[in-house]
Amino acid sequence: LISAIAFADTLRSLGLRAGVSINPSTSLSDVYPLLDTGLIDVVDVLAVEAGFGGQEFNAVALEKIKELRTYRDQRLRSRGKDLKILVDGGIKQSTSKLAAEAGA
């Protein structure tokens, strides 16, 4: 976590933005300490496990998107911060609509 924070801080000092991707198996509680720093601009919620092609959209991503949206709206925006939420993997017309409704 310390190295991720330091890296995000370095990116910011260079005028760049920082983001993080999370696998379906990654708990959001593992990511919140990094997000709490306010140094992260975007979270890419993977709806498939990285590195394995041909997977179907994992609906656990929708719950993570909803939880991240609530976190952003309640904790970050009150401090003047924002967070973009993306979704990646297994996206097709039907899943893109669900992801958008969840907050991606």
Side-chain angles (χ1 to χ4, degrees):
L1 177 63
I2 293 171
S3 61
I5 292 170
F7 184 64
D9 191 45
T10 298
L11 291 174
R12 282 295 182 98
S13 72
L14 296 170
L16 302 171
R17 295 184 177 174
V20 63
S21 295
I22 56 172
N23 279 319
S25 59
T26 302
S27 170
L28 288 179
S29 64
D30 293 337
V31 179
Y32 286 140
L34 180 58
L35 299 180
D36 282 338
T37 67
L39 295 170
I40 301 300
D41 301 287
V42 62
V43 175
D44 184 14
V45 178
L46 300 179
V48 298
E49 289 292 332
F52 303 98
Q55 298 174 72
E56 291 294 317
F57 184 88
N58 186 335
V60 72
L62 298 174
E63 294 307 313
K64 289 183 184 213
I65 292 167
K66 289 176 189 175
E67 191 175 328
L68 282 166
R69 181 185 64 199
T70 299
Y71 168 85
R72 176 194 63 203
D73 294 348
Q74 293 179 357
R75 293 188 59 177
L76 292 180
R77 287 191 172 158
S78 67
R79 297 183 348 217
K81 302 289 183 182
D82 199 9
L83 181 71
K84 294 193 183 321
I85 303 167
L86 309 177
V87 63
D88 187 13
I91 298 295
K92 51 188 172 189
Q93 188 171 2
S94 59
T95 56
S96 67
K97 182 178 179 183
L98 294 172
E101 289 170 353

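In what follows, every heavy atom counts, from backbone to side chain, and hydrogens, waters and symmetry copies are set aside.
- The two residues A8 and I40 have their closest heavy-atom pair at CB-CD1, 4.0 Å.
- Taking both residues in full, the closest heavy atoms of A18 and L11 are given as CB-CD1, 3.8 Å, listed atom of the first, atom of the second, then distance.
- For E49, the salt bridge (charged side-chain N to carboxylate O under 4.0 Å, His left out) test picks out no residue, with sequence neighbours left out.
- Looking at heavy atoms from C-beta onward, Y32 lies in side-chain contact with L68 at the 4.5 angstrom threshold.
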TODO: Report the C-alpha distance between K92 and E56 in whole Å, list the side-chain angles of each, state the deciding distance to 0.1 Å, and finish with yes or no for salt bridge (Lys or Arg N to Asp or Glu O under 4.0 Å).
DONE: CA-CA 10 Å; K92 51 188 172 189; E56 291 294 317; 3.6 Å; yes

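- Under a 4.0 Å N-O distance rule, the pair R72/E67 does not qualify as a salt bridge.
- Within the 3.5 Å criterion, the main-chain N or O of D36 finds a donor-acceptor partner in the side chain of R79.
- Side-chain N or O atoms of N58 include one that pairs as donor or acceptor with a backbone N or O of V60 at under 3.5 Å.
- Atom CG of L14 has more than 12 heavy atoms from other residues, nucleotides or ligands within 6.0 Å.
- Looking at every heavy atom in both residues, L39 comes nearest to I5 through CD1-O, 3.7 Å.
- In this structure K66 satisfies the salt bridge (charged side-chain N to carboxylate O under 4.0 Å, His left out) test together with E63, sequence neighbours excluded.
- Taken together through direct or relayed side-chain contacts under 4.5 Å among Ile, Leu, Val, Met, Phe, Trp and Tyr, V45 and L76 form part of one hydrophobic cluster.
- Using modelled atom types, one side-chain atom of N23 and one backbone atom of A50 make a donor-acceptor pair closer than 3.5 Å.
- What you find for F57 and V87 is that their closest heavy atoms are CE1-CG2, 4.1 Å.
- When every heavy atom of A47 is checked against every heavy atom of P24, the shortest pair comes out as C-CG, 4.0 Å.
- By the salt bridge (charged side-chain N to carboxylate O under 4.0 Å, His left out) test, R12 is found to be paired with D41, residues two or more places apart in sequence or in another chain being considered.
- In this structure, V43 and L35 have side chains that are in contact, with non-hydrogen atoms separated by less than 4.5 Å.
- In terms of heavy atoms, V31 sits closest to I22 at CG2-CG2, 3.4 Å.
- Counted within 6.0 Å of CZ on R17, heavy atoms from surrounding residues, nucleotides or ligands total 12 or fewer; the atom is thus considered open.
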